[in-house]
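Here the structure is laid out as structure tokens; the discussion comes afterwards.
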Amino acid sequence: MNKKLLSLLAVVPCTYLPAHANAEEPVNLEEILVTATRMEQEGQYVPLSWSAVDEGTLQLIGHVHITETMQRIPGAWISRGNGQESLPSLRSPVFTGAGSCGAFFMAGDSISLRAPGFCNINQLFDANTEQAGRIEVIKGPATALYGSNALHGVINVLSAAPSAINALSVEAGPYDYYRGKYAYGAVNGAHGISLRLNGTTDGGYKDDSGYDQQKLTARYDYQGDVWQVTSVIDYANLNQETAGFVQGFKAYEDEDIKDSNPNPEAYRDVRSVRAYSRASRALGEQHTLVLTPYLRDNDMDFLMHFLPWQPLEENGHSSLGFQGAVHSDFASWNWVNGIDLDYTDGWLKETQDGDFSPNQPAGVHYDYQVDALNAALFSQVSWRSGALELSAGLRLDYTGYDYDNRTGDGAACAPEATACRFFRPADRDDSFTNLSANAGASYALDDNHVGYLRLASGFRAPQAAELYRLQSGQRVADLDAEELENIELGLRGTVAGVLAYDTSVYYMEKEEVIFQDSNRQNISGASTSHYGLEISLDYRLAENWYLNGAASFARHRYDSSTDLLGSTSDIKGNDIDTAPRRFGSAQLGWEFNADSVAELEWVYLGSYYLNADNTAKYDGHSLLNLRVSSQLSSRWHGTLRVTNLLDEDYAERADFAFGNYRYFVGQPLGAYLEVGYAL
């Protein structure tokens, strides 16, 4: 296949779900939000910053990687690694390190993809985002219904509800990329079924890379006279041959090495299963009881190719959980009170085949098991009268760990080692109790404009890997939970029925930030600040033409003189690394038929520093993408997607470590042709 241009075939329901309102329909604010309270509510009056991508837009994008969809969300940037790997940011820098994933609450139908304390920075590949019914994003600390990890925000992948559908497709793309999808749905009286299945194989742009991936989401809905029940099973499997960084300043522009793979031995194998049943019933005329038991099971093996000694990590966890809540409606009052419980059995093992040095020897580096309990009580209330809505929430959250070291206590090196890299603490228990609160007010200035003010706090307990995967002789990690305070002001509305907008400004201070110091020890106590402006626009230019945009302007800084690993100077006031000050996207669309659209997309990522000293930098990039989608007949549908239309040289992710510039290289021009058939 031509490496510059290839065809792709993808699954789509029997008719394309338009990503935008019909040209004759005015844009409006009447959109439903689920994530804030786990129940449907009118999103325009909720006093917090949120965004959503609907099913029609997801189908038009047809993303190969979740970053292609998330770049439409202001304040969100998913930095793509190789294959299906990613590093998320949400009103934040891109974080790296053992507990960096703890800054975000990644969920499927409001249930965390990974257990509290056992997150993984790449965990969005556990969710069937490709065939989701909707993706909702809350920016900044979430409501009282979300606890540890809902620090910088929530990404919630909602499963597709049952509907009449039976569609199949195959797909082919650049570098031996193939994908098949199947969608089935039916509703019969009180019963509904939704099945979404996809399988992908990718040969990889880089040498000796690529992946095979399968995802399944099965949903059953029952609408009885007393009980309403939704049951979902989510399964994902990934077998990836991972390509490592290419090294050297601007190596992504070097034709001789940009498609090379310095780590052909690297791989990642991941399997995840989640299942739940959400049952609800009325309790009288004013109350609704919602009960949600769930389970999850994850395991992952991967070669840590980004470390020179390349150990193998094997980890996993199994969880049982429960969400219970009572939703109450009293005329102008809405009140939800509830409890969350999550019990997890987690484990991690790190081994190395050969000796790298006396400080990184062959053998077992870590081998531990952790029983964890997360329990919380929460209350969230809102009151609305006329143009004014007030809301407030409170959450008490407990996280406890029972750690069992299954190998020798102490250093994992021979006595002659001068600075052993690996230290295993003795068995111990740790616990963290946190209180978070939020309060907000929204006011409808008129029928078309709503302003809001919000104050909120968030937290994250230390992750198990931060507490028990220690280095350089650190016997105990005496860590505190990270805490964040947020204030934001927003305005959303419509103008003349042709322009919808949503804008917010925010300021956040974070304390007790967990970091690794120059002695490679995990400690708390750093401070950072985060402030910015986010804008989203949906403009109906003319009949059959639209213009969408999302823009973020932010500054993320170190606010303390932190002895951060890798820094050589006082970093107070510096930009946090991998935190672009400007990024966004815009889409110009032409609906040339009732079920047909052509869309030109511009994606912009500004420059950012690669180290805490702010001496290494990536210049940023701009990309153009093209999508054309059309209903060819009553049963056939086709879409052409062209990515990196101008064939720009760029880095999906830039990094500076071990004294070298390192890059994950962005793919060159590629075309994807999609054809779907309704059975």
Side-chain angles (χ1 to χ4, degrees), residues 34-39 101-102 104-120 123-124 126-128 136 142-151 154-159 217-220 227 229-236 271-280 289-300 315-327 336-347 369-380 395-402 430-434 436 459-464 481:
V34 174
T35 300
T37 63
R38 302 177 189 158
M39 298 277 281
C101 49
F104 316 102
F105 193 97
M106 308 293 193
D109 288 335
S110 300
I111 297 171
S112 179
L113 298 177
R114 298 285 176 110
F118 300 89
C119 65
N120 183 272
Q123 61 198 19
L124 276 173
D126 288 342
N128 191 357
E136 295 184 347
T143 65
L145 280 77
Y146 298 90
S148 188
N149 293 28
L151 192 68
V154 175
I155 298 177
N156 192 15
V157 182
L158 303 178
S159 57
T217 302
R219 172 171 165 171
Y220 167 71
W227 287 95
V229 181
T230 294
S231 299
V232 172
I233 296 177
D234 255 328
Y235 171 82
R271 181 194 59 83
S272 67
V273 178
R274 292 177 311 283
Y276 78 85
S277 283
R278 180 167 288 127
S280 63
L289 174 67
V290 183
L291 307 174
T292 310
Y294 62 87
L295 61 85
R296 71 168 75 83
D297 187 70
N298 305 74
D299 60 71
M300 177 166 61
N315 67 68
H317 64 269
S318 300
S319 306
L320 289 174
F322 174 77
Q323 296 175 344
V326 176
H327 297 256
V336 54
N337 294 278
I339 183 172
D340 288 346
L341 298 170
D342 193 301
Y343 174 78
T344 296
D345 176 10
W347 56 274
Q369 183 264 340
V370 180
D371 291 328
L373 174 65
N374 179 255
L377 297 171
F378 62 84
S379 181
Q380 184 80 28
R395 182 182 182 96
L396 180 64
D397 201 288
Y398 168 85
T399 300
Y401 300 115
D402 180 3
D430 294 279
S431 63
F432 306 88
T433 301
N434 297 95
S436 62
F459 65 92
R460 79 161 180 92
Q463 302 292 296

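These values consider heavy atoms only, across backbone and side chains, with no hydrogens, waters or symmetry-generated copies. All of these numbers come straight from a predicted model, not from anything done at the bench. Residue numbers start at 1 and run along the sequence shown.
- Residues Ser148 and Asp397 come closest through the heavy atom pair N-OD2, 3.8 Å.
- Atoms CG and CG, from Leu113 and Asn298 in turn, are 8.5 Å apart once rounded to the nearest 0.5 Å.
- When the salt bridge (Lys or Arg N to Asp or Glu O under 4.0 Å) test is applied to Arg219, the partners found at least two apart in sequence or on another chain are Asp221.
- Side chain of Asp126 to backbone of Arg114: no donor-acceptor contact under 3.5 angstrom is found.
- Closest heavy-atom contact between Leu291 and Gly324: CD2-CA, 4.5 Å.
- A donor-acceptor contact shorter than 3.5 Å is absent between the side chain of Arg274 and the backbone of Ile111.
- A search for salt bridge (Lys or Arg N to Asp or Glu O under 4.0 Å) contacts involving Asp402 returns nothing, not counting sequence neighbours.
- Between Tyr235 and Asn128 the shortest side-chain heavy-atom distance does not fall below 4.5 Å.
- Closest of all the heavy-atom pairs between Thr37 and His327 is O-CE1, 3.3 Å.
- Looking only at side-chain heavy atoms (C-beta outward), Ile339 and Phe322 come within less than 4.5 Å of each other.
- Distance check, rounded to the nearest 0.5 Å: CD of Glu136 to CD1 of Ile155 gives 12.0 Å.
- With sequence neighbours excluded, the residues that form a salt bridge (Lys or Arg N to Asp or Glu O under 4.0 Å) with Asp430 are Arg428.
- Tyr146 and Ser110 are linked by a side-chain donor-acceptor pair at a separation below 3.5 angstrom, with hydrogens and angles left out of the test.
- Within the model, atoms OG of Ser112 and CD of Gln323 stand 9.5 Å from one another, a figure rounded to the nearest 0.5 Å.
- Ser318 and Asp345 share no side-chain donor-acceptor pair at under 3.5 Å.
- Within the 4.5 Å cutoff, side-chain heavy atoms of Val370 are placed close to those of Phe118.
- Between Ala481 and Pro462, the closest heavy-atom pair is CA-CD, 4.0 Å.
- The shortest distance between side-chain heavy atoms of Asp340 and Phe378 falls below 4.5 Å.
- In this model, a donor atom of one side chain and an acceptor atom of the other lie less than 3.5 Å apart for Ser319 and Arg296.
- When all heavy atoms of Gln380 and Thr143 are compared, the closest pair comes out as OE1-CB, 3.7 Å.
- Asn374 places a side-chain N or O within donor-acceptor distance of the main-chain N or O of Tyr398, the cut-off being under 3.5 Å.
- Using a 4.5 Å heavy-atom cutoff, the side chains of Asp342 and Tyr294 are in contact.
- Expressed to the nearest 0.5 Å, how far OH of Tyr276 lies from CD1 of Ile233 amounts to 11.0 Å.
- Two residues are said to be in side-chain contact when any heavy atoms from C-beta on lie closer than 4.5 Å; Cys119 and Asn149 meet this criterion.
- The distance from atom OG of Ser379 to atom CZ of Arg395, rounded to the nearest 0.5 Å, is 11.5 Å.
- By the 4.5 Å heavy-atom criterion applied to side chains, Val290 and Arg38 are not counted as neighbours.
- Donor-acceptor pairing under 3.5 Å is recorded for the side chains of Asp109 and Ser159.
- Between the CG atom in Leu151 and the CZ atom in Phe105 there is a gap of 12.5 Å [rounded to 0.5 Å].
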